[in-house]
*Asks:* 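Can you keep this structure in mind? I'll have questions shortly.
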Amino acid sequence: MIPVCRLEDLPKGESARVATNPPIAVFHTDDGGLYAVDDTCSHQDASLAEGWLEGCLIECPLHAASFDLRTGLPTCLPARRPVRTHRVSVEDGLVHVHVAAEEGSAA
């Protein structure tokens, strides 16, 4: 479990980048949902935290690939591969990311 920030420091419609390896982006959607995905677009190296958030979709700032934050699945080309998703929790007002195991690794 990785602490990210205080919930009040992550306004709705904004994101925070966590300097893990690989980096993780945490999003606070307009409806109050909190989602986390690997921060690097699966199409080409670009930070999803710098993209455009609309509902539960994040659009990559480089080539406009879009991903569903709930599943990590791409919703349009040029991305074809999903990004890894992570569980987010809030404890005592602090946002935490629970890093998912990478595919093929022992957890």
Side-chain angles (χ1 to χ4, degrees):
M1 183 165 68
I2 299 170
V4 178
C5 63
R6 301 224 30 96
L7 182 58
E8 67 249 19
D9 295 333
L10 184 58
K12 290 180 180 179
E14 298 294 323
S15 64
R17 187 172 193 267
V18 184
T20 52
N21 187 16
I24 294 173
V26 179
F27 299 92
H28 194 179
T29 60
D30 287 332
D31 67 359
L34 292 165
Y35 300 93
V37 298
D38 281 355
D39 186 42
T40 305
C41 177
S42 64
H43 168 251
Q44 195 167 357
D45 290 342
S47 171
L48 294 176
E50 296 175 10
W52 295 274
L53 181 62
E54 186 172 329
C56 287
L57 300 179
I58 185 64
E59 182 179 311
C60 175
L62 195 56
H63 292 116
S66 181
F67 298 89
D68 187 319
L69 295 173
R70 298 166 293 194
T71 63
L73 294 172
T75 61
C76 66
L77 295 174
R80 295 175 189 252
R81 292 175 317 191
V83 291
R84 185 172 54 149
T85 60
H86 308 278
R87 188 170 67 85
V88 180
S89 66
V90 178
E91 296 177 19
D92 298 323
L94 188 61
V95 177
H96 292 88
V97 171
H98 304 260
V99 180
E102 290 189 47
E103 277 188 39
S105 68

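Residues: numbered from 1 along the sequence shown. Side chains included, hydrogens not; waters and symmetry mates left out as well; all remaining heavy atoms used.
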*Asks:* I need the minimum non-hydrogen distance between H86 and A100, along with the two atoms involved.
*Replies:* ND1-N, 2.9 Å
*Asks:* Test of understanding: clusters of I, L, V, M, F, W, Y form through side-chain heavy atoms closer than 4.5 Å, transitively. Do V4 and I24 belong to the same one?
*Replies:* yes
*Asks:* Should V26 and S15 count as side-chain neighbours, where that means a heavy-atom distance under 4.5 Å?
*Replies:*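 The answer is no; the side chains never approach within 4.5 Å.
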*Asks:* Donor-acceptor check, side chain of R17 to backbone of D39, threshold 3.5 angstrom: yes or no?
*Replies:*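 Checked: no pair found.
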*Asks:* What closest approach, in Å, do C56 and Y35 show between heavy atoms, and which atom pair accounts for it?
*Replies:*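 Heavy atoms only, the tightest pair is SG-OH, 3.7 Å.
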*Asks:* According to ring pair (Phe, Tyr, Trp, His ring centres under 6.0 Å), does anything in residues 43-77 pair up with another residue at least two apart or in another chain? List the pairs.
*Replies:*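 Listed by first then second residue: H43-H63.
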*Asks:* Examine the side chains of D45 and T40 and answer whether a donor and an acceptor come within less than 3.5 Å of each other.
*Replies:*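 No, T40 and D45 have no side-chain donor paired with an acceptor closer than 3.5 Å.
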*Asks:* Do the side chain of H28 and the main chain of L10 share a donor and acceptor less than 3.5 angstrom apart?
*Replies:* yes
*Asks:* Membership question, hydrophobic clusters at under 4.5 Å side-chain separation (ILVMFWY): are L53 and L34 in the same one?
*Replies:* no
*Asks:* Hey, is the main chain of M1 close enough, under 3.5 Å, to the side chain of H98 for a donor-acceptor pair?
*Replies:* no
*Asks:* Answer yes if V97 and V90 sit in the same cluster of Ile, Leu, Val, Met, Phe, Trp and Tyr residues linked by side chain heavy atoms under 4.5 Å apart, and no otherwise.
*Replies:* yes
*Asks:* How far apart are the closest heavy atoms of G72 and T85, and which atoms are they?
*Replies:* N-CG2, 3.4 Å
*Asks:* Taking L57's backbone N and O only, do any of them form a donor-acceptor pair with S66's side chain (distance below 3.5 Å, no angle check)?
*Replies:* no
*Asks:* What pairs with D92 under side-chain hydrogen bond (donor to acceptor under 3.5 Å, both in side chains), at least two apart in sequence or on another chain?
*Replies:* none
*Asks:* Please confirm whether the backbone N or O of S42 pairs with a side-chain atom of R81, one donor and one acceptor, at under 3.5 Å?
*Replies:*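 The answer is yes, because a donor-acceptor pair under 3.5 Å joins these two groups.
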*Asks:* Please report the closest heavy-atom contact between A65 and C41, naming both atoms and the distance.
*Replies:*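 For A65 versus C41, the nearest heavy atoms are CB-SG, 4.3 Å.
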*Asks:* What about V88 and V37, same hydrophobic cluster or not, with Ile/Leu/Val/Met/Phe/Trp/Tyr joined at side-chain heavy-atom distances under 4.5 Å?
*Replies:* no
*Asks:* Same cluster for V95 and I2 if Ile/Leu/Val/Met/Phe/Trp/Tyr side chains link at under 4.5 Å?
*Replies:*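 Both belong to a single hydrophobic cluster.
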*Asks:* Give the minimum heavy-atom separation between I58 and G51, together with the two atoms involved.
*Replies:*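 Scanning both residues completely, I find the closest heavy atoms to be CD1-C, 3.7 Å.
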*Asks:* If I compare all heavy atoms of E50 with all of P61, which pair ends up nearest, and what's the gap?
*Replies:* O-CB, 3.8 Å
